[in-house]
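Throughout, residue positions are numbered sequentially from 1 according to the sequence presented.
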Amino acid sequence: MKWLDRARRWARGTRRDVVVLWLAARDRRVPWYAKLAAGAVAAYALSPIDLIPDFIPVLGYLDDLIIVPVGIIVVLKLIPVDVLADLRAAAMKHTERPVSRAGLVAVISIWVLLAALLLWVALGPAAAVR
């Protein structure tokens with residue numbers, strides 16, 4: 001399971017680095033060319049549209065496994081080291097998961113109400129016909 005743990009750490013690091021790129025694209029201390037590249041890589045990483053669609057066997061996931069990480073590595077090298085450290089600290093704050101039981105209850109309640117409304121709309125007219 002050692003390789004699985006490494007894969008999980010790598011995936012978490014990639015997610016954090018995408019947030020770093022998103023923050024870098026908006027930071028004044030980052031050079032314009034790094035901002036442009038950071039915005040492009042972050043947009044591509046977060047976009048549901050891929051160069052190679054995921055339904056194509058093997059090739060579909062190649063862009064997710066190669067293009068995005070290589071883009072992240074290249075752009076991180078364009079950002080000054082001191083700025084990158086600040087951005088990584090800010091990204092850690094953004095990626096922490098807040099714990100809010102009230103928020104959880106609110107989201108679940110909304111989904112249950114929407115499901116009940118959908119059921120009522122779907123079954124209401126059918127029940128009236130009978």
Give the other cluster members for I110, using side-chain heavy-atom distances under 4.5 Å between Ile, Leu, Val, Met, Phe, Trp and Tyr residues; answer none if it is isolated.
-> L114
Going by side-chain hydrogen bond (donor to acceptor under 3.5 Å, both in side chains), name the pairs with one or both residues in [range], residues two or more places apart or in two chains.
range	value
residues 37-46	Y44-D63
residues 102-111	none
residues 29-39	D27-R29, R29-D86

Pick out which of L36, V41, V30 makes a side chain to side chain contact (heavy atoms under 4.5 Å, CB included) with V75.
-> V41
Which atom of [X] lies closest to which atom of [Y], heavy atoms considered:
X	Y	answer
A38	A25	CB-N, 4.2 Å
V20	A91	CG2-CB, 3.5 Å
A34	I79	CB-CG1, 4.5 Å

Point-to-point distance, once rounded to the nearest 0.5 Å, from [atom1] of [X] to [atom2] of [Y]:
X	Y	atom1	atom2	answer
L84	L21	CG	CG	9.0 Å
L76	D17	CG	CG	5.0 Å
R16	M92	CZ	CE	6.5 Å

Would L78 end up clustered with V18 when hydrophobic side chains under 4.5 Å apart are linked, directly or stepwise?
-> no
D82: side chain to side chain contact (heavy atoms under 4.5 Å, CB included) partners, not counting sequence neighbours |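 Expected list: P80.
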Please list, chain by chain and in numerical order, all residues satisfying salt bridge (charged side-chain N to carboxylate O under 4.0 Å, His left out) with R26, sequence neighbours excluded.
->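 In terms of salt bridge (charged side-chain N to carboxylate O under 4.0 Å, His left out), with neighbours along the sequence ignored, R26 is linked to no residue.
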